[in-house]
Amino acid sequence: MSDEAGGIAEEFLSEAAEIVEQLGGHLLRLEEQAKKGSLDPDIMNAAFRAAHSLKGIAGMFGADRVGALAHRLEDLLDGLRMGRVKPGPSVLDVLFEGVEALDALVAEVGKHTDAGDVETIAPRVASLMDKVTAILEERPPEKHDPLDDFDISSEVLEVLTEYEEQRLRENARTGANLYRVRVEFELSTFDEGLMALSGGLKKVGEVISTLPSGLPANETAIVFDILVGSPKDRSTVEAACEGFDVEIMPIERTKQPEVGASSSPAPMPEPMTGDDVSPSASGKKRPPTQVGAYSARVDEKSPAVEEADAALEAATGSEEYASLAAVARTVRVDISRLDELMNIVGELVLSKANLQRISDSLKSELGFRGVSVDLYKEARSLERRIDLLQKGVIEVRMVPLGQIFDKLSRMLRKMAREAGKDISFEVSGGETELDKLITEELSDPLMHIIRNSIDHGIEAAEVRSARGKPARGTIRLDAYQKGNHVTIEVSDDGAGLDEHAILRHGLERGLVGADQVKELSRRDILGLIFAPGFSTRQEVSGLSGRGVGMDVVKTNIGQLSGVIDVDSEFGVGSTFAMTLPITLAIIQGLIIRAAGQVFTVPLNSVIEILRIRQTEVRTVERQEVIDLRGSTVPLVRLGRLFGLQGSASEDEHIFVVIVGLAQNRLGVAVDQLLGQQDVVIKSLGRRLGNVRGIAGATDLGDNRTTLVVDVAALIEEVLERDLQVAAN
Amino acid sequence: MGKLKHTDPKSGPFEEETERAEPRDPLSEFFVDLEEEGTLRPASLLSAAGSEAFSHADGRRDDYLSFMLADEEYAVPITALREVVTPLPITEVPRTPSYVLGVVTLRGTVLPVLDLRIKLNLPVGESGQPSRIVVLETRDGPAGVWVDRVVEVVRVGGENIEPPPSVLGGGTDLLRGIIRRDGRMLIVLDLDAALWVEGQISDSEGVS
Amino acid sequence: MSKPKYRILIVEDSRAMRVLVASAVEEIDGVEVVETDDGFGALKELPRQRFDLVITDINMPNINGLDLIRFVRRSPTHRDIPLIIISTESTEEDRRRGLKLGASDYLTKPFEPDELIARVRRHLGLE
């Protein structure tokens with residue numbers, strides 16, 4: 001029992017943390033929408049629900065502080081969604097603060113905290129709760145209830161939650177039309193069809209409520225009444241239901257109540273329509289023929305499953321569908337289970353390769369006939385399926401960067417506030433997907449760069465004004481995918497990096513030699529901020545630059561097989577660009593041999609492969625280079641670089657694998673190209689994980705382990721080496 | 001010698017001295033699948049863990065696996081043992097200390113294989129004995145140790161482990177102590193220290 | 001182990017809450033629990049097997065607890081299943097509506113697991 005209790009507590013913590021994260025995400029959406037002037041009720045409600053759920057579970061698990069604060073925020077969000085509280089920047093600020101405080105409180109529950117931390121948070125929480133109370137006390141006066149203008153039966157109203165009623169009221173107030181859309185589905189497939197239909201309806205209005213009812217005659221079908229508010233006319237709503245066999249029933253506006261229309265209960269299996277005509281409401285603007293027309297359609301019972309499926313296909317792409325589906329159909333999986341799956345897939349890939357080898361040799365022995373044809377076909381079909389499986393497993397590992405972007409923008413708000421700076425944060429490309437493991441590891445380096453931008457990049461408002469910049473600074477976060485890589489850029493319109501100061505500092509620290517200064521490009525100089533030992537915090541804050549801890553950032557990015565680059569113009573701003581592979585789990589590998597040892601080079605960073613004569617290798621400042629269409633590219637010999645014993649090829653020709661990341665190019669001389677294969681990269685573990693130039697190992701299926709070359713690290717190493725050579 | 005873990009003053013009635021874990025050849029009892037894939041796997045680590053051998057309630061006693069490195073007999077706690085395998089092809093890893101022989105892939109996991117003879121400054125040469133790789137689980141993950149021969153499993157009360165004498169070659173900081181029995185001397189390794197690789201990822205860095 | 005005598009459907013979108021409710025009611029002998037995280041799931045589960053009790057939250061995405069209660073009460077096959085609402089005091093109005101729609105009982109979060117067990121036993125006719 002106590003074990004179980006422990007497990008449940010963990011369950012609480014993970015769910016609580018998740019909810020806080022979601023709440024933060026909703027608030028960011030709301031903030032964005034507030035700028036444009038209209039808040040999406042779905043998001044407001046989702047935010048309310050997040051606070052509500054958190055309060056609920058906190059209460060059950062005895063996390064009283066979390067519960068109390070969640071309760072207060074719930075009240076505020078309830079006010080917001082019910083229209084009692086006017087949304088404004090101050091309300092959002094309080095909510096954001098609330099999320100931060102919840103974050104801290106939940107974290108504390110997790111670590112059975114020491115009292116010190118609690119004490120520092122407690123006053124903050126208390127003042128926050130007061131602020132919420134103050135906001136809630138300024139209620140706008142009650143007005144005429146716009147729902148009174150509609151002919152809605154009490155039976156409809158009583159199945160609505162208070163919130164849904166409020167949404168109905170809000171729609172009525174804004175003059176929207178109200179419709180009831182009735183649809184029937186097979187019980188076994190209704191959720192997909194219903195989501196697709198809701199998705200379509202959300203394009204033309206708001207889905208206020210979805211009410212299920214059974215059909216007495218048919219146990220396998222289910223009928224839904226969807227209550228929709230829309231400014232659009234009926235034909236538009238009808239068009240939105242294209243592909244579904246629906247009945248659309250407008251709910252009439254009855255401004256001046258009259259007596260007499262209380263009868264006419266339609267022969268519905270489900271009484272909403274009949275009761276809509278409330279006994280007190282009497283006259284309708286329109287003749288009751290419409291009701292009759294809908295009633296007539298009720299008897300045409302067609303399951304419409306096929307159409308629903310077709311419409312589902314069509315609607316799958318729509319955002320509404322995706323978000324709705326995401327709510328109901330997600331599963332949480334431990335990433336280590338995905339790693340296990342990936343290992344199995346990797347082993348399958350090996351078996352597949354072996355099978356193909358057998359098939360090919362059989363083919364060459366027997367010719368292409370009989371059993372060899374069958375085996376060949378089966379092997380191909382297996383290959384296709386394994387490819388699909390592999391893609392599937394990789395896709396499951398992918399998460400949108402938006403997840404960490406949301407967290408970062410929350411942190412940024414907080415840090416900007418603490419630094420007393422007015423900074424707007426703009427994000428694009430949050431939908432770009434990366435391997436979950438990479439995404440998780442990215443949040444620290446990104447945080448670091450953003451913090452530097454806030455502390456040292458964005459100038460104080462007066463300074464900015466004096467420089468002719470808008471008083472409000474901007475930090476941008478952009479992500480985009482390019483082939484198998486994703487680039488993430490953090491840019492600001494701040495002070496920019498001072499090349500001269502960086503160079504001076506680099507000289508003082510002996511990172512560059514005085515004699516090489518004139519050979520350094522601007523990029524070389526800016527790149528000095530990534531050098532280990534470039535700076536300590538105190539020294540650099542005066543540099544109007546951002547060298548603070550950048551070597552650590554670079555190391556972190558390097559461990560993810562990525563590279564980081566900086567570009568900056570003094571006085572104008574800086575951009576840090578990180579380029580990362582979309583996954584580290586499974587890659588296409590180029591298998592090569594150098595100095596007698598077999599290596600795998602990730603194909604995603606191979607740009608081209610050349611075969612050149614040894615004599616075409618030139619030496620510039622004791623470093624080997626080759627010419628690649630007019631530009632000079634450094635060349636490394638893997639065997640020599642790694643200090644391998646085996647002798648390099650004496651052949652007149654050598655192969656040069658040109659690898660590149662971002663705009664860097666490097667030639668890697670190898671003795672032999674052995675082929676191409678999908679490989680699962682495995683970590684070398686803690687003991688060997690730091691070996692420079694090696695990203696991991698993989699099994700090629702011949703029971704030999706092969707090392708995977710870390711292209712990013714090699715490029716770094718050669719760039720550094722060139723710099724040092726120049727310095728000496 | 002605060003390092004010695006098993007000197008429990010409240011030792012109970014079984015405190016007399018070291019004894020064999022099993023009356024017969026302990027290895028044949030402890031491992032199955034001698035032939036399959038050239039692998040020795042603990043037959044019943046789990047059930048052994050629940051047995052008297054691991055009960056510390058009344059006198060601490062633990063099982064140790066002993067093996068030969070050069071001409072010395074070394075021992076490691078059986079709780080750290082994952083499996084014993086016949087040598088697999090080892091892939092050299094450049095830029096590593098000389099005692100890192102390389103890596104092998106064992107059931108999907110890549111492990112480093114270390115030659116502790118080098119780390120302990122013992123003579124390295126052909127032993128003529130059937131070599132094995134002993135796979136051990138440690139705080140820093142699994143690692144393989146190349147051994148000249150696996151000897152046996154011994155059961156030892158904690159009080160029977162003595163501090164390492166300074167006359168022993170190699171760094172005594174890699175050792176936890178020695179066990180004397182039947183006129184032999186078994187050197188107990190401090191696994192975390194002995195399997196530490198220079199330049200490895202430290203706790204603060206985490207594993208990428 | 002004897003065959004389960006009572007099958008209870010738990011409809012609750014919070015994972016932690018679901019685990020908590022389930023582990024409480026599973027203490028009653030012969031109870032088997034089916035969990036689902038929203039009204040959709042409930043609509044799918046209900047026709048699959050006989051249920052002796054439904055425990056539902058109100059505030060859930062897509063199809064809320066009130067919709068579910070109404071559905072159950074109007075269904076010829078399910079209408080006699082006792083139904084317990086679990087909600088917080090802030091949704092008092094919604095709870096009132098739920099009772100009006102035919103819910104059998106309600107519990108306010110946070111509640112003592114023993115209290116839940118007692119109510120469940122009562123509705124299963126064990127007392």
Side-chain angles (χ1 to χ4, degrees), chain A residues 339-340 342-344 346-347 350 437-438 440-441 444 552 555-561 584 594-599 638-646 680-710 713 717, chain B residues 37-39 82 85-116 118-119 133 135-146 174 191-208:
Chain A
D339 284 342
E340 280 164 31
M342 192 57 113
N343 272 339
I344 297 172
E347 276 149 29
L350 293 182
L437 283 181
I438 299 181
E440 278 170 1
E441 298 294 323
D444 282 353
V552 178
T555 308
N556 288 344
I557 298 293
Q559 277 172 356
L560 300 171
S561 291
L584 294 176
Q597 194 169 334
V598 177
F599 291 93
L638 218 45
R640 203 177 291 165
L641 190 73
F642 282 160
L644 301 176
Q645 303 298 324
V680 178
I681 302 189
K682 289 169 183 161
S683 154
L684 291 188
R686 293 178 73 102
R687 290 189 177 80
L688 303 180
N690 266 348
V691 175
R692 196 170 192 195
I694 305 295
T698 188
D699 182 353
L700 295 180
D702 50 3
N703 208 16
R704 281 207 73 112
T705 309
T706 306
L707 300 177
V708 179
V709 173
D710 185 345
E717 189 171 342
Chain B
E37 297 172 6
T39 301
R82 197 156 111 176
V85 296
T86 53
L88 304 160
I90 296 178
T91 301
E92 270 183 64
V93 181
R95 303 176 160 182
T96 51
S98 57
Y99 51 81
V100 175
L101 291 175
V103 290
V104 295
T105 307
L106 196 61
R107 270 178 283 289
T109 307
V110 176
L111 334 155
V113 179
L114 309 183
D115 189 342
L116 290 184
I118 298 174
K119 205 166 181 190
I133 295 174
V135 181
L136 300 165
E137 193 63 63
T138 69
R139 202 181 44 131
D140 294 322
V145 174
W146 182 280
L174 306 186
L191 279 186
D192 287 336
L195 302 184
W196 170 268
V197 172
E198 198 185 330
Q200 82 172 48
I201 296 173
S202 60
D203 281 338
S204 55
E205 286 175 80
V207 189
S208 62

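Residue numbers begin at 1 in each chain, while the letters A, B, ... track the order of the sequences.
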All heavy atoms of A:Leu688 vs all of B:Pro112, minimum pair found to be CD1-CB, 3.7 Å

Tell me, yes or no, whether the heavy-atom count around B:Glu137 atom CD, taken from other residues, nucleotides or ligands under 6.0 Å, exceeds 12. yes

How close do B:Asp140 and A:Arg686 get, heavy atom to heavy atom, and via which atoms? OD1-NE, 3.2 Å

Selection from B:Ile90, B:Val93, B:Val100, B:Leu88 maximising heavy-atom pairs under 4.5 Å formed with chain A: B:Val93

Testing A:Leu638, A:Ile694, A:Leu641 for side-chain contact (heavy atoms from CB on, under 4.5 Å) with B:Pro94, which one passes? A:Ile694

Salt bridge present between B:Arg95 and A:Glu717 (N-O < 4.0 angstrom): yes

Please check this pair: side chain of A:Gln597 against backbone of B:Glu92, looking for a donor-acceptor N/O pair closer than 3.5 Å. yes

Heavy-atom check, side chain of A:Leu707 versus side chain of B:Val103, under 4.5 Å: yes

Keeping the roles fixed (side chain from B:Thr105, backbone from A:Asp699), state whether a donor-acceptor pair exists under 3.5 Å. no

For A:Arg704 and B:Pro89, work out which heavy atoms get closest and say how close. NH1-CB, 3.9 Å

B:Ile118 meets the side chain to side chain contact (heavy atoms under 4.5 Å, CB included) criterion, sequence neighbours left out, with B:Ser98, B:Tyr99, B:Asp115, B:Val124

Using the side-chain contact (heavy atoms from CB on, under 4.5 Å) definition, which of the options B:Leu195, B:Leu111, B:Thr96 pairs with A:Arg687? B:Leu195

